[in-house]
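Here's the structure, in structure tokens; my notes come after.
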Amino acid sequence: MKALILVGGFGTRLRPLTLSVPKPLVDFGNKPMILHQIEALKEVGVTEVVLAINYQPEVMLNFLKDFESKLGIKITCSQETEPLGTAGPLALAREKLADGSGDPFFVLNSDVISEYPFAELIQFHKSHGGEATIMVTKVDEPSKYGVVVMEEETGKVERFVEKPKVFVGNKINAGIYLLNPSVLDRIELKPTSIEKEVFPRIAADNGLFAMVLPGFWMDIGQPRDYITGLRLYLDSLRKKAPAKLASGAHVLGNVLVHETAVIGEGCLIGPDVAVGPGCVVEAGVRLSRCTVMRGARVKKHACISSSIIGWHSTVGMWARVENMTILGEDVHVCDEVYSNGGVVLPHKEIKSSILKPEIVM
């Protein structure tokens with residue numbers, strides 16, 4: 001089987017992290033976002049992954065070369081010279097996806113994190129015999145999204161309602177699809193939306209079905225949702241693979257610590273924290289609801305909450321970093337400095353406190 005991952009554009013909502021790497025390579029739960037998806041696809045027998053990308057394809061491919069051999073899966077790029085929306089990239093990659101086997105292929109949005117129940121999706125797709133299956137997830141506030149109206153028993157999709165003013169349902173498109181090759185014949189090579197143009201036409205022909213996604217779901221394309229997604233992901237690990245989580249007197253709740261990270265004496269870490277490879281957390285540090293990425297150092301008695309610390313950054317002694325502070329790559333926060341929601345671009349030194357949320361260039 002094959003899969004197309006929609007990597008898309010510049011990842012502006014996750015800046016300053018995406019100023020260093022394309023969005024799918026931003027670490028999440030101590031490994032690049034896209035790797036969570038590729039590993040799950042490999043598990044259900046996908047042999048080739050095509051990345052639909054219009055920005056820095058060489059960076060992505062160089063990085064993923066290592067994983068091709070490790071995972072034994074072929075990874076190629078289909079590069080857009082102009083943005084083609086969410087359906088155009090399928091037309092562009094037609095040669096790679098339609099190999100004459102007639103097998104369905106996966107399509108995924110690159111910033112969606114979940115338990116990826118691909119085996120169940122394949123089973124459901126075969127059972128209904130339709131042309132396309134989309135995964136849907138239940139949300140509390142459907143008025144913020146496009147809602148999928150479907151038959152509860154069969155999963156057949158009736159219609160889509162964009163940001164409904166009155167309640168029509170609480171299931172939204174989760175950005176994970178399984179499509180028959182015939183869907184490619186419905187898409188022209190031009191900027192096209194799969195959600196607004198292609199799926200409604202398939203639904204009108206009674207060929208579109210929806211499966212409710214079991215477990216958690218989050219679009220982690222912006223910092224606040226990234227932190228929420230981390231909590232949900234660690235919760236899921238607690239249920240499925242608790243041995244992967246850290247334990248000990250210094251750990252509170254769900255915490256992921258890479259085996260190469262060093263944690264000092266008298267720290268209190270958690271809940272909902274990921275500490276990446278090669279990180280050094282010195283004595284007496286307090287971490288909660290945050291990610292500390294590869295090679296970062298947190299000095300003695302610093303306190304970090306609800307924030308993202310980028311690669312190779314340093315947080316000084318007695319510093320306090322909170323309220324969705326995002327440090328880009330190689331940012332150095334000096335001793336005793338306070339950051340309240342600062343968004344700091346790469347390679348900066350912060351010598352004075354950031355008292356209200358602002359972007360530091």
Side-chain angles (χ1 to χ4, degrees), residues 1-8 22-25 28 31-54 57 60-61 63-80 84-126 130-137 173-187 192 194-195 198-199 202 208-211 213 215 217 219-221:
M1 289 182 80
K2 298 188 175 183
L4 179 81
I5 301 180
L6 298 166
V7 172
K23 182 171 62 179
L25 299 186
F28 177 84
K31 60 184 167 193
M33 240 180 245
I34 199 163
L35 211 53
H36 292 272
Q37 300 186 329
I38 293 174
E39 286 173 353
L41 288 165
K42 164 82 173 131
E43 261 179 46
V44 292
V46 169
T47 53
E48 185 177 347
V49 173
V50 181
L51 307 175
I53 189 167
N54 61 18
M60 287 282 288
L61 278 181
F63 176 85
L64 291 166
K65 274 284 165 274
D66 298 346
F67 291 102
E68 267 196 315
S69 47
K70 269 185 210 157
L71 293 170
I73 191 166
K74 185 177 172 194
I75 301 171
T76 56
C77 269
S78 169
Q79 191 185 358
E80 305 168 30
L84 290 169
T86 49
L90 277 77
L92 189 65
R94 176 192 302 267
E95 301 299 308
K96 296 183 177 195
L97 295 171
D99 55 3
S101 69
D103 285 340
F105 58 89
F106 289 97
V107 178
L108 279 71
N109 287 340
S110 68
D111 39 16
V112 164
I113 198 90
S114 77
E115 284 167 7
Y116 307 122
F118 295 148
E120 295 95 307
L121 180 58
I122 294 170
Q123 218 173 340
F124 176 69
H125 184 76
K126 286 180 174 158
E131 197 175 0
T133 306
I134 63 175
M135 283 225 153
V136 293
T137 185
N173 179 344
I176 297 171
Y177 319 127
L178 191 56
L179 312 177
N180 288 352
S182 58
V183 171
L184 294 168
D185 301 333
R186 295 174 173 267
I187 304 169
T192 316
I194 198 164
E195 301 86 356
V198 181
F199 286 156
I202 301 175
L208 185 63
F209 289 77
M211 173 181 154
L213 181 82
W217 176 88
D219 175 337
I220 52 174

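When a residue number appears, it is its place in the shown sequence, counting from 1.
- One finds the OG1 atom of Thr47 at 9.5 Å from the CE atom of Met1 (value rounded to the nearest 0.5 Å).
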Go through the steps for Val49 and Ile34 under the test side-chain contact (heavy atoms from CB on, under 4.5 Å), then give the verdict.
-> CA-CA 11 Å; Val49 173; Ile34 199 163; over 6 Å; no
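- At a threshold of 4.5 Å between non-hydrogen side-chain atoms, the residues Asp185 and Arg94 count as touching.
- Of the inter-residue distances, the one linking Ile194 atom CD1 with Asn109 atom CG reads 9.0 Å to the nearest 0.5 angstrom.
- Looking at heavy atoms from C-beta onward, Asn180 lies in side-chain contact with His125 at the 4.5 angstrom threshold.
- Not counting sequence neighbours, Thr76 has no partner by the side-chain hydrogen bond (donor to acceptor under 3.5 Å, both in side chains) test.
- For Glu43, there are no side-chain hydrogen bond (donor to acceptor under 3.5 Å, both in side chains) partners at least two apart in sequence or on another chain.
- A donor-acceptor pair under 3.5 Å links the side-chain atoms of Glu68 to the main chain of Ile75, judged by distance alone.
- Here the shortest heavy-atom pairing between Ala52 and Leu4 reads CB-CD1, 4.0 Å.
- Between Ala132 and Val183 the shortest heavy-atom distance is CB-CG2, 4.3 Å.
- Panel note: side chain Lys2, backbone Lys96; a donor-acceptor pair is recorded below 3.5 Å.
- Counting only heavy atoms from C-beta outward, the side chains of Pro181 and Leu97 never approach each other to under 4.5 Å.
- Val112 approaches Gln37 most closely through the heavy-atom pair O-NE2, 3.1 Å.
- Side-chain contact between Leu90 and Phe105 is present, with heavy atoms from C-beta onward closer than 4.5 Å.
- Every side-chain contact (heavy atoms from CB on, under 4.5 Å) that Phe209 has, sequence neighbours left out, goes to Phe124, His128, Lys156.
- In terms of heavy-atom proximity, Phe199 sits nearest to Leu208 at O-CD2, 3.6 Å.
- For the pair Lys42 and Leu71, the tightest heavy-atom approach, listed with the atom from each and the gap, is CE-O, 2.5 Å.
- For the pair Arg186 and Leu179, the minimum side-chain heavy-atom distance is 4.5 Å or more.
- The minimum heavy-atom distance linking Val46 with Ile73 is given by the pair O-CD1, 3.4 Å.
- Contact annotation: the side chain of Ile5 approaches that of Leu41 to within less than 4.5 Å [non-hydrogen atoms, C-beta and beyond].
- Summarising the geometry, atom OG belonging to Ser110 is positioned 5.0 Å from atom NZ belonging to Lys23; distances are rounded to the nearest 0.5 Å.
- In this structure, the side chains of Val44 and Phe106 come closer than 4.5 Å at one or more pairs of heavy atoms.
- Ala174 is linked by a side-chain contact (heavy atoms from CB on, under 4.5 Å) to Met135, Thr137, Trp217, counting only residues two or more places apart in sequence or in another chain.
- Scored by the side-chain hydrogen bond (donor to acceptor under 3.5 Å, both in side chains) test, His36 finds no partners at all (sequence neighbours excluded).
- Inter-residue side-chain proximity for Met211 and Leu178 is flagged as unmet; no heavy-atom pair is nearer than 4.5 Å.
- Sorted by first then second residue, the side-chain hydrogen bond (donor to acceptor under 3.5 Å, both in side chains) pairs that include residues 112-124, not counting sequence neighbours, are Glu115-Ser236, Glu115-Lys240.
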